[in-house]
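Taking it in order: structure first as structure tokens, then the write-up.
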Amino acid sequence: MFNVTEVLKRLVIGRAMRSEELHETLLPKRLALPIFASDPLSSVAYATQEILLVLTLGGLAYLHFTPWIAAAVVFLLAVVVLSYRQVVVAYPSGGGSYEVVSTNLGPSAGLVVAASLLVDYVMTVAVSVASGVDNIISAVPELADHRVAMALVFVALLTAVNLRGVRESGRAFAAPTYLFIGGVLVMIVTGLIRYLFGDAPVAASAGYGITPEPGDAHLAGLALLMLVLRAFSSGCTALTGVEAISNGVPAFRRPKPKNAATTMAAMGIIAITLFVGVTTLAIVSKVHIADDACRLTGLGSDCASYTQRTVIAQIAAAVFGGEHTFGFYVIQAATALVLILAANTAFNGFPLLCSILAQHRYLPRQLHNRGDRLAFSNGILALAIVAGLLLWGYHANVTSLIHLYILGVFTAFTLSQLSMVRHWNRDLRTVRDPAIRRRHQVSRVINSVGAVVTALVLVIVLATKFTQGAWLAVLAASVLWMMMRGIRRHYDATAAELAVTDPRDELAPPTRVFAIVLVSTVHKPTLRALSYARASRPDRLEALTVSVDRDEAQDLRRRWEDYGIEVPLTVIDSPYREVTRPVVEYVRSIRRDSPRDIVAVFIPEYVVGHWWENILHNQSALWLKSRLLFTPGVMVTSVPWQLTSSARADRPAPRAPGSVRRGEPQDPTLGRP
């Protein structure tokens, strides 16, 4: 029979895939690059802008620090890429920083990395989508009032594409990523050629001055240092997502470590080239941008309604000759697409990391399960929901969200590099081959430099961004760390409680089985429940009803005798018209009198075909079951009776096997329909 829900699900997600088809989802390098590296590649679209926004707090005089800050970011990016290539080769199982740190520094440190990365992945989605929306608004300013709605729609689309599987998302995202890389390279080359031939591009904002923030006009000493460090920490957003490849090694085709390392090297080279090119053109074209448009001098009194274009939009307009040229729109379209699709790095990294954590019992086990398309669907949905809430709460504002960003990723960078140093030290104690020892010593030097540099950056980021909003990221990671520890303690305690010590004790039969059938009236569901209870051959069988109305109870007893039912009927008086408590107390009294007996309670229930029928039936039965299940030594059995309406549901269920819609027995004690 036609099922609208199932048809829509297949349209969005596609056909279900068998577990044996997992190998078909493995990625070649050309698809792995846009999937796992779209975040660091796309961050060049806003990393330069973040540097300029901070430096212009002191006015235009401090923009001369831009090249030096950019050089520091490039050096850091190169070190981190080289360091993570060591991680990919040494730990190819896909745990990335979490596995490295857990193995070398212990589970608690590993959980710090995991919590930091999970928070950072959420921020990656929020910041990337918000920045993409900013670039769309730069091309079409009339859309500014629909910022949040556009951001949420893009998150929903990303979620749908990723639910179709890793390979499907790679195919969808490859073209925009390569279009962005090609478009920005063309823009950089064109702009530099114009500069070399004496026709330097000039940004539309080049003629604007910038009023310094109060107190920042003449910075010196420590204040100037803090401004430069703050600009550097903002520029370090160019490094976000670098670790995603190390988490996704299992998704690569064989040889997995080699292909992953090659992809990481390509990502590093492209990201550095694009970042240097965009920053150079921003300096050459004299792009001026401020956190508040009213700080731009020369706009007049209408500054509040003025929408500043992004740095990359201003560069594109300057290089290609205006805001209505073909090149400008290509760059804006490609930038907006790749920034939105950059969130795909998180949509792959977050579910993979959640799956590993769930396998290690630090997160609910459902996060380890693969969906219809062999993607970790539960992790994808969880990421989408949290990121959507952030975008809604912060009005999809990049400047507000950016302060919560990159703290987690540098925590992971620092701890993973320290762990790799420990890894090489351990190997060098056992390896005797001179050639292998030389390779390990070089790797140790790379990771040592990476550890020192990223630790310094972590301190800088923490010092400059903590009061700006980064404390929220610290708080979120701390809460997540404690939650994961609590989940692991629960799973460990449950496993210990359920462990079999002596199988003979567990398999010993009960002394007797006392069967009780809950009755409200004499009808077909009741008789079926009695028949089923008899078939189980209990040592003692009785029917039980609760009298909330004396006349109805007497009528029930009379009909019971008229039908000649040979099962004894017990009637419990309930002067306060309660149903659940008298039944539970009666069952518990049997357990108190005979602790070694098993009490089997049979409850007739309706199976219905319409969702609204669930509201009309079975409410008392469900409440009774929930109470009885907490009573030791009590087994609760539902005896279904299919109403006519349930015939429409006699088809392959779109829900998980075993999920049954239930109704309620027609019953004055268990609830009348």
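- Judged by distance alone, the side chain of Ser43 and the main-chain N or O of Pro40 form a donor-acceptor pair under 3.5 Å.
- Using a distance-only test at 3.5 Å, with no hydrogens or angles considered, no donor-acceptor pair links the side chain of Ser416 to the main chain of Ser97.
- The stretch residues 315-337 participates, sequence neighbours left out, in these salt bridge (charged side-chain N to carboxylate O under 4.0 Å, His left out) pairs: Arg309-Glu323.
- In this view, Val81 and Leu77, Val242, Met264, Met267 satisfy the side chain to side chain contact (heavy atoms under 4.5 Å, CB included) rule, not counting sequence neighbours.
- Across all non-hydrogen atoms, the minimal contact from Val54 to Leu227 is O-CD1, 3.3 Å.
- Nearest heavy atoms, Ser116 versus Thr411: OG-CG2, 3.6 Å.
- Note: Ile446 CD1 to Leu82 CG = 5.5 Å, rounded to the nearest 0.5 Å.
- Between Ile331 and Ile315 there is no side-chain heavy-atom pair separated by less than 4.5 Å.
- Side-chain contact of Tyr195 with Ser285: a donor-acceptor pair under 3.5 Å is absent, judged by distance alone.
- Separating the CD1 atom in Ile436 from the CZ atom in Arg439 is a distance of 5.5 Å, to the nearest 0.5 Å.
- When every heavy atom of Gly191 is checked against every heavy atom of Pro201, the shortest pair comes out as O-CD, 3.8 Å.
- Smallest separation of non-hydrogen atoms from Val249 and Pro92: CG1-O, 3.2 Å.
- Two residues are said to be in side-chain contact when any heavy atoms from C-beta on lie closer than 4.5 Å; Leu33 and Tyr178 meet this criterion.
- Partners of Leu185 according to the side chain to side chain contact (heavy atoms under 4.5 Å, CB included) rule, which considers only residues two or more places apart in sequence or in another chain, are Ile181, Thr273, Leu274.
- At distances below 3.5 Å, not a single donor-acceptor pair connects side-chain atoms of Gln314 with backbone N or O atoms of Ala203.
- Considering Thr279, Thr310, Thr66 in turn, Thr279 is the only one that fulfils the side-chain hydrogen bond (donor to acceptor under 3.5 Å, both in side chains) rule with Thr48.
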Applying side-chain contact (heavy atoms from CB on, under 4.5 Å), run through Val189 and Ile193 and close with a yes or a no.
-> CA-CA 6 Å; Val189 171; Ile193 289 175; 3.6 Å; yes
Check the pair Lys286 / Leu63 against side-chain contact (heavy atoms from CB on, under 4.5 Å), numbers first and verdict last.
-> CA-CA 10 Å; Lys286 297 181 174 61; Leu63 289 180; over 6 Å; no
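- Looking at Val80 and Thr454, their side chains come closer than 4.5 Å, going by heavy atoms from C-beta outward.
- A distance of 7.5 Å separates CG in Leu52 from CD1 in Ile289, rounded to the nearest 0.5 Å.
- The shortest distance between side-chain heavy atoms of Leu296 and Ser205 does not fall below 4.5 Å.
- Looking only at side-chain heavy atoms (C-beta outward), Phe180 and Thr177 stay at 4.5 Å or farther from each other.
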Check step by step if side-chain contact (heavy atoms from CB on, under 4.5 Å) holds for Ile312 and Val184.
-> CA-CA 9 Å; Ile312 200 165; Val184 174; 4.3 Å; yes
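- For the pair Phe413/Leu239, a side-chain contact is recorded, criterion being any heavy-atom separation below 4.5 Å from C-beta on.
- The ring-ring contact (aromatic ring centres under 6.0 Å, His included) analysis of residues 231-277, with sequence neighbours excluded, yields the pairs Phe36-Phe252.
- Taking every heavy atom of both residues into account, Ala114 and Leu353 meet most closely at O-CD2, 4.0 Å.
- Around the CZ atom of Phe65, the shell of radius 6.0 Å holds more than 12 heavy atoms that belong to other residues, nucleotides or ligands.
- From Ile51, atom CD1 reaches atom CH2 of Trp68 across 14.5 Å, with rounding to the nearest 0.5 Å.
- Residue pairs that meet the side chain to side chain donor-acceptor pair (under 3.5 Å) test with at least one member in residues 441-450, sequence neighbours left out, are Gln86-Ser443, Gln417-Asn447, Trp424-Asn447, Asn425-Arg444.
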Pair Leu391-Val133, side-chain contact (heavy atoms from CB on, under 4.5 Å): steps then yes or no | CA-CA 11 Å; Leu391 286 165; Val133 170; over 6 Å; no
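- With a 4.5 Å cut-off on side-chain heavy atoms, Met420 and His423 count as touching.
- Between the Ser128 side chain and the Val125 main chain, no donor and acceptor come within less than 3.5 Å of each other.
- Using a 4.5 Å heavy-atom cutoff, the side chains of Val338 and Pro176 are not in contact.
- Across all non-hydrogen atoms, the minimal contact from Val88 to Ala261 is CG1-N, 3.9 Å.
- Checking side-chain atoms of Ser233 against main-chain N and O of Arg230 turns up a donor-acceptor pair under 3.5 Å.
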What pairs of donor and acceptor atoms, side-chain ones from residues 145-152 against any protein atom, are under 3.5 angstrom apart with sequence neighbours left out?
from: Arg147; atom 1: NH1; to: Asp134; atom 2: OD1; distance (Å): 2.2

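- Distance check, rounded to the nearest 0.5 Å: CG of Leu76 to SG of Cys236 gives 5.0 Å.
- Once rounded to the nearest 0.5 Å, the distance linking CZ of Phe410 with CD1 of Ile460 reads 9.0 Å.
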